[in-house]
Amino acid sequence: MLLNRNSCLIAALTALYFCSFFQRFAIPGPVFGDLQQHYGLSGAQLSLLGAMYVAIYAILQLPAGGWIDRKGGIVPAAVGGVALLTGSGIFLLAHHPAWLFAGRAVTAVGDSVMYLALLKEVSRRCAPESFASILGIVSLLASLAGVIATLPLQSAVRHWGYFTAFGAMWGFTLAAVAVFIFAFRRDSIASAPVATRRLRLLEVGKRLRNWPVFLAMALDYGIVFALQVIIGIKFLADRQGLGAETASRYLFIMLTVSLVFLVGAPAVGRRWCGNRHKRFVIAGAMLSIGGCLALLYGTVNPLPGWLLVAALSAVAIQGGHIPMATAQLKGLNPPEDMATVGGLLAATIYLVIAVEAGIIAWVLDFFPRTETGYPAAAYTAIFTLFLSAACVALACAWISKEKCPQPLERG
């Protein structure tokens, strides 16, 4: 169980992760059209803006994991919070596309440490059998920012304007960073770990048992992220004939499904499955394939509403299995390596996302846009890529290993 002081620390880290998660999902996705209109950017340029963000985030996961394993999560989270605040402020006040890219780059630097700092402190301060459940709960609370970054953000921008909507989030970020630094600035010495004294990235990377889990989650979560943030709104508008607000509602449902599984999967795993996490990752990979097949069909034929919801939900379920995959990795690695393991997992995920975003940008540039949007062939190529990735993810999940903790008593 968490102690009272530990509970406050985890809550403060969750608030910082909330702010970083919002930044990751809010741009360009729900404001794709607003950014195009205000700055005159093409769809390919906005896709590259997203690709740049995730590439910086992914690359920095590797040094960030080692840093946090050596120093604990508090100081890195404070530094990351200041960078997050600075970068989102630059983006908010930008008057030229170059400043948009600069602001997003600085924001990505701040974002890169938030999840790992949270993961490290949860891993160190929670009982092993509760790890997946607590990580799922705090991830759910932070990921509510992703829900806000869909339909609520779209509505806020429409009613109050771009500057006011994002300015309100900047104000919340300022408050979260200030409270965290003020309340926990003296905890950094106490939180410094003693189990690891050197960078263990190479050791973690050499453990071949980790890579099937890394790749399974990276490939499937890459599909979830691409739909939620990069291409989902445009696909639903161009090929399903939906308006921006209606399309945001579908993505809202998709993200909500992921959030439900963040808590639901660990709870089911603890009570009925003896904390065996691999089976959840395999089931999610199978559902992802089914969802991609339906969406691939939807690139040439409009899907009925119920089938569209089912397909998006099937893909989204794997997005809620990150705590299960992380718990599976926890059973395969020493506890002092958890931030490095989490960093390598996140780096793999977001490098895959960056590659996918680059391919999507190239495809959108290759097929000229018409008055009715991008042609069916463009989306067929993109969803064929998604389906291929989902099939490889299933193969990786199937061959992955799991070192289970002692099964819990069922009652």
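The closest side-chain heavy-atom distance from Leu236 to Leu251 is below 4.5 Å. Phe386 places none of its side-chain heavy atoms less than 4.5 Å from the side chain of Leu295. Between Leu394 and Ile282, some side-chain heavy-atom pair lies under the 4.5 Å cut-off. For the pair Leu119/Thr326, a side-chain contact is recorded, criterion being any heavy-atom separation below 4.5 Å from C-beta on. Between Phe21 and Met114, every side-chain heavy-atom pair lies at or beyond the 4.5 Å cut-off. Using a 4.5 Å cut-off on side-chain heavy atoms (C-beta onward), Gln23 and Tyr53 make contact. Val281 places none of its side-chain heavy atoms less than 4.5 Å from the side chain of Ser400. For the pair Leu344 and Trp211, the minimum side-chain heavy-atom distance is below 4.5 Å.
Scored by the ring-ring contact (aromatic ring centres under 6.0 Å, His included) test, Phe163 finds no partners at all (sequence neighbours excluded).
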Practice prompt. Verify side-chain contact (heavy atoms from CB on, under 4.5 Å) between Val352 and Glu356, making sure each step is shown before the conclusion.
Written response: CA-CA 6 Å; Val352 167; Glu356 287 184 345; 4.1 Å; yes

Item to complete: Show the numbers, then the answer: is there a side-chain contact (heavy atoms from CB on, under 4.5 Å) between Phe91 and Val106?
Response: CA-CA 9 Å; Phe91 186 90; Val106 177; over 6 Å; no

Fill in: ring-ring contact (aromatic ring centres under 6.0 Å, His included) between Phe18 and Phe172, intermediate numbers included
CA-CA 10 Å; Phe18 178 96; Phe172 180 82; 5.6 Å; yes

Discussion item. Is there a side-chain contact (heavy atoms from CB on, under 4.5 Å) between Leu100 and Arg104? Walk through the geometry before answering.
Written reply: CA-CA 6 Å; Leu100 291 181; Arg104 291 299 285 168; 5.6 Å; no

Item to complete: Report the C-alpha distance between Phe180 and Leu9 in whole Å, list the side-chain angles of each, state the deciding distance to 0.1 Å, and finish with yes or no for side-chain contact (heavy atoms from CB on, under 4.5 Å).
Response: CA-CA 8 Å; Phe180 181 81; Leu9 173 61; 3.9 Å; yes

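Remark: Phe383 CZ to Arg239 CZ distance equals 11.0 Å, nearest 0.5 Å. Interatomic distance, CD1 of Ile349 versus CE of Met217, reported as 6.0 Å (0.5 Å rounding). From Thr107, atom OG1 reaches atom CD1 of Ile90 across 7.5 Å, with rounding to the nearest 0.5 Å. If you take CG on Leu351 and CG on Leu62, they are separated by 7.0 Å, rounding to the nearest 0.5 Å. A distance of 12.5 Å separates OG of Ser258 from CD1 of Ile253, quoted to the nearest 0.5 Å. Atom CD1 of Ile181 is separated from atom CD1 of Ile74 by 12.0 Å, given to the nearest 0.5 angstrom.
Closest approach of Ser288 to Ala390, counting heavy atoms only: OG-CB, 4.0 Å. Between Val300 and Ala376 the shortest heavy-atom distance is CG1-CB, 4.4 Å. When all heavy atoms of Val113 and Pro76 are compared, the pair lying nearest together is CG2-O, 3.3 Å. Residues Ala77 and Leu13 approach most closely at CB-CD2, 3.5 Å, considering heavy atoms. Nearest heavy-atom pair across Ala58 and Ala347 is O-CB, 3.2 Å. Heavy atoms only, all atoms of each residue included: Ala294 and Leu303 are closest at O-CD1, 3.6 Å.
Under the side chain to side chain donor-acceptor pair (under 3.5 Å) criterion, the residue pairs touching residues 8-22 are Ser20-Asp111, with sequence neighbours excluded. Applying the side chain to side chain donor-acceptor pair (under 3.5 Å) test to every pair with at least one member in residues 295-304, sequence neighbours left out, gives these pairs: Thr299-Thr380.
Side chain of Thr348 to backbone of Leu215: no donor-acceptor contact under 3.5 angstrom is found. Panel note: side chain Tyr39, backbone Ala94; a donor-acceptor pair is recorded below 3.5 Å. Checking side-chain atoms of Thr256 against main-chain N and O of Phe252 turns up a donor-acceptor pair under 3.5 Å. Tyr379 places a side-chain N or O within 3.5 Å of a backbone atom of Lys234 that can act as its donor or acceptor partner. In this structure, Arg209 contributes its side chain and Asn333 its backbone to no donor-acceptor pair below 3.5 Å. With hydrogens and angles disregarded, a donor-acceptor distance shorter than 3.5 Å links the side chain of Gln328 to the backbone of Lys401. Using modelled atom types, no side-chain atom of Gln61 and backbone atom of Leu345 make a donor-acceptor pair closer than 3.5 Å.
Tested against Ile317 for a side chain to side chain contact (heavy atoms under 4.5 Å, CB included), the candidates Asp220, Val257, Val224 yield a single pass: Val257.
Checked against the 6.0 Å centroid criterion, the rings of Phe367 and Tyr374 do not qualify as a close aromatic pair.
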